[in-house]
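All residue numbers refer to positions in the sequence shown, counting from 1.
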Amino acid sequence: MIKLGLQSLSYKDAFAAGRMDVDRFLDHAAELRLDGVDLHVRHLDRTDDESLERLRLRSLRLGLPIGYLGVSNDFGRQGEELEAQIRRVQEWVDVAVRLRVPMVRVFGAWVRGGATEEEVWPRLVAASRRVTAYARERRVLLGLQNHNHGCIPATGAQTLRLLDAVDDPYFTHILDTGQYRGSPGASGAGGIADPEHDLYESIRASAPRAVHVRAKIYRIASGREEWLDYPRILAILRDVGFNGWMSIVYEGQEAEPEEAAVPRAVRYLRALLREFDL
């Protein structure tokens, strides 16, 4: 059975305004009767041992395991900037060990300055192998999240290519339903998908390798997600036998406040998961 969680970035406005902190986020997830949470590292303002242990015990008491820590890295950089990105991931792997979180989310590489994707690819692979070796020694998984907006991997084929190039069981896949090319949120315009790319074929391609799904929500005021076809997505996940975590990631703050949208998203996805017997 798929476990339904909530990513802390769903309340990015509330965190930024001081209405939300990690403790309140955990309480809110418990009130929504969710199965777990994922935390972006920007929301962990203290990483001393005492604070991490308090967080770990609080999440356990609330019955909310932490699925992963989300790190925003860029392995497309060069020289000392790239080394700093590698150290950043390694540092958060160490935090995950202390917090006893099983996985750290990582990105791939941004393509900048007139470079081509193929020019960036070798250093992306090399950096991914280095951080994976570090994580493996500490028994922490790295979850590669697909991403667009100038980042690779941005298609299902690229995701598989990178997973195969690193070729390590500790380098696995977090599938984001809204971040492949073709997405009406990541590469379209105002909810209209980019016709040059097939979002759902990318999801279908990488879904067999996914251990975690980020369920992106863009427009939910009607009670159902308007920009992404979740019945189609859940059919794909059912077909590949996915039985991991699904985390809600709300990104429609400009259209509807988080406090109204997130509970609706929980109800919507809970109902669909029951309908698809997932």
Side-chain angles (χ1 to χ4, degrees), residues 3 5-31 34-75 77 80-110 127-145 147 151 168 170-172 174 176 211-212 214 245 247-251 258 262:
K3 283 70 70 178
L6 183 65
Q7 162 60 238
S8 62
L9 286 173
S10 297
Y11 283 94
K12 63 182 182 181
D13 285 357
F15 272 98
R19 300 193 306 273
M20 185 77 75
D21 58 18
V22 170
D23 284 344
R24 279 177 262 177
F25 175 71
L26 289 174
D27 288 341
H28 187 55
E31 291 166 3
L34 289 160
D35 301 313
V37 296
D38 305 319
L39 301 176
H40 195 283
V41 299
R42 74 174 64 164
H43 298 141
L44 294 178
D45 53 359
R46 298 186 64 179
T47 58
D48 59 278
D49 288 342
E50 182 179 352
S51 296
L52 291 178
E53 185 65 2
R54 186 181 64 81
L55 171 58
R56 187 181 77 86
L57 293 175
R58 184 177 181 82
S59 70
L60 288 173
R61 283 195 297 269
L62 291 171
L64 292 169
I66 302 170
Y68 69 80
L69 300 181
V71 179
S72 296
N73 61 284
D74 177 7
F75 291 157
R77 299 189 180 272
E80 179 51 37
E81 289 186 349
L82 177 57
E83 292 299 316
Q85 294 291 307
I86 290 170
R87 288 194 298 271
R88 173 174 170 77
V89 172
Q90 292 171 336
E91 288 165 1
W92 283 106
V93 167
D94 290 339
V95 172
V97 171
R98 291 157 56 211
L99 194 52
R100 302 184 201 178
V101 172
M103 184 163 58
V104 170
R105 187 284 308 275
V106 294
F107 288 139
W110 268 258
S128 298
R129 287 174 175 164
R130 284 178 58 187
V131 293
T132 301
Y134 187 91
R136 185 187 342 106
E137 290 178 356
R138 289 149 183 81
R139 299 296 185 262
V140 174
L141 293 171
L142 295 184
L144 170 67
Q145 182 195 325
H147 208 279
C151 182
D168 191 303
Y170 282 83
F171 190 68
T172 187
I174 296 175
D176 190 303
V211 299
H212 196 113
R214 286 166 53 102
W245 281 93
S247 297
I248 294 167
V249 187
Y250 177 56
E251 286 194 359
E258 299 155 337
V262 172

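- Cation-pi geometry between Arg130 and Tyr134 is not satisfied (NZ or CZ under 6.0 Å from the ring centre, within 45° of the ring normal).
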* **Stepwise side chain to side chain contact (heavy atoms under 4.5 Å, CB included) test for Leu39 and Val101** => CA-CA 10 Å; Leu39 301 176; Val101 172; over 6 Å; no

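- Remark: Glu53 engages Arg56, Leu57 in a side chain to side chain contact (heavy atoms under 4.5 Å, CB included) (not counting sequence neighbours).
- For the residue pair Tyr68/Arg214, the side-chain donor-acceptor check at 3.5 Å is satisfied.
- A donor-acceptor contact shorter than 3.5 Å is absent between the side chain of Gln7 and the backbone of Val37.
- Although no hydrogens or angles enter the test, the distance criterion places no donor-acceptor pair under 3.5 Å between the side chain of Arg88 and the main chain of Asp74.
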* Asked: Should Ile86 and Phe75 be marked as a side chain to side chain contact (heavy atoms under 4.5 Å, CB included) after you check the CA-CA gap, both sets of side-chain angles, and the distance that decides it?
  -> CA-CA 8 Å; Ile86 290 170; Phe75 291 157; 4.0 Å; yes

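- For the pair Leu99 and Leu52, the tightest heavy-atom approach, listed with the atom from each and the gap, is CD1-O, 3.1 Å.
- Using a 3.5 Å distance cut-off with no hydrogens or angles, the side chains of His40 and Ser72 do pair a donor with an acceptor.
- Salt bridge annotation for Asp23-Arg54: present, with a cationic side-chain nitrogen under 4.0 angstrom from a carboxylate oxygen.
- Taking all atoms of both residues into account, the shortest heavy-atom contact from Ala30 to Leu62 is CB-CD2, 4.1 Å.
- Side-chain atoms of Arg98 come within 3.5 Å of backbone atoms of Thr47 as a donor-acceptor pair (strictly under, hydrogens ignored).
- Minimum interatomic distance between Thr172 and Met103 (heavy atoms only, all atoms of both residues): CG2-SD, 4.0 Å.
- Of the possible polar contacts, one joining the Thr132 side chain to the Ser128 backbone as a donor-acceptor pair under 3.5 Å is found.
- Side-chain contact of Asp13 with Tyr250: a donor-acceptor pair under 3.5 Å is absent, judged by distance alone.
- Note: Lys3 NZ to Asp35 CG = 8.5 Å, rounded to the nearest 0.5 Å.
- With Ser10 contributing its side chain and Ile248 its backbone, the two residues share a donor-acceptor pair below 3.5 Å.
- Residues Leu64 and Gly36 come closest through the heavy atom pair CD2-N, 3.7 Å.
- Arg46 pairs by the salt bridge (Lys or Arg N to Asp or Glu O under 4.0 Å) definition with Asp48, not counting sequence neighbours.
- In summary, the aromatic rings of Phe25 and His43 are positioned with their centroids too far apart to meet the 6.0 Å limit.
- Between Tyr11 and His28, the distance from one ring center to the other falls under 6.0 angstrom.
- Annotation: side chain of Leu44 is in contact with side chain of Leu69 (closest heavy-atom distance under 4.5 Å).
- Checking side-chain atoms of Arg139 against main-chain N and O of Arg136 turns up a donor-acceptor pair under 3.5 Å.
- Here the closest non-hydrogen pair linking Pro102 and Gly67 is CG-O, 3.6 Å.
- Of all the heavy atoms in Val140 and Ala96, the pair that sits closest is CG1-CB, 4.3 Å.
- Pairs of residues two or more places apart, or lying in two chains, that qualify as ring-ring contact (aromatic ring centres under 6.0 Å, His included) and include a residue from residues 85-107 are Phe107-Trp110, Phe107-His147.
- Side chain of Arg24 to main chain of Arg19: a donor-acceptor pair is present (N/O by atom type, distance under 3.5 Å, no hydrogens or angles).
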